[in-house]
Amino acid sequence: MLEASGAEVVHVDVMDGRFVPNITLGMPVVAAMRKVTKLPLDCHLMIVEPSRYALEFVEAGASWVSVHQEADPHVHRTLDSIRKAGAKAGVVLNPGTPVETLTDLFGCFDFVLLMSVNPGFGGQSFIPRILDKVRRLDALRTERQTPFLIQVDGGVSLDNAAELVQAGADCLVAGNAVFKAQDPVAAIHALRATMRAGK
Ligand code: ZN
């Protein structure tokens, strides 16, 4: 269904019950997903000590791996190891972590994931002030002439997709907006059309 829908990436939320309250899935499920789709798998690691497991997710089939800056005191090294393993490396910021903390990592990652809810559960409401973070990060990458993608995760829907793209987001992660819709394929088409209009 996802392959036929025009979705470009499958985002996989990995939660460990420690960095966030919930527990979801690990490497065996990612390996099983790898067998049933050609779409890139994007593993968002909401786990403590992500450096211990990031490469195992690449081995399991992830093409993109992102780690929380808040969870890793050596995020520079972890990003480097993900890239060396052949995957796109991303750094994730919780709603309360300023985008300015990333400037010394510019050039060391392929994408930034800005959380627009506090991570840990699906179905939460979008935090509107994230739009300002997206704008500030977009301005920083222009000013420093450093290319990377800006991804937004949490409460993304038709209500905010156009605004997010206008603010500078390149990649929107949608959960409930797609999977709780009566027609998930139509929901993906509508989101993509809204993103194009926003651009
Ligand atoms: Zn996520």
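In listed order, ligands and their atoms are each counted from 1. In this chain, residues are counted from 1 in sequence order.
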Requested in this report: To the nearest 0.5 Å, tell me how far Met27 CE sits from Cys43 SG.
Outcome: 10.0 Å
Requested in this report: Go through the structure and list residues passing ring-ring contact (aromatic ring centres under 6.0 Å, His included) with Phe19, not counting sequence neighbours.
Outcome: His68
Query raised in the report: Does atom CZ of Arg136 have more than 12 heavy-atom neighbours, drawn from other residues, nucleotides or ligands, at distances under 6.0 Å?
Result: yes
Report task. Please identify each residue that fulfils side-chain hydrogen bond (donor to acceptor under 3.5 Å, both in side chains) with Arg192, with sequence neighbours left out. Result -> Glu8
Report task. Would you mind listing the cluster partners of Met115? Hydrophobic ones only (ILVMFWY), side-chain contacts under 4.5 Å, chaining allowed. Result -> Val92, Leu113, Val117
Query raised in the report: For the Zn ion (ligand 1), which protein N/O/S atoms are closer than 2.8 Å?
Result: His11 NE2, Asp13 OD1, His44 ND1, Asp153 OD2
Report task. Kindly give the heavy-atom pair with the smallest separation between Arg83 and Gly107, and that separation in Å. Result -> NH1-O, 2.9 Å
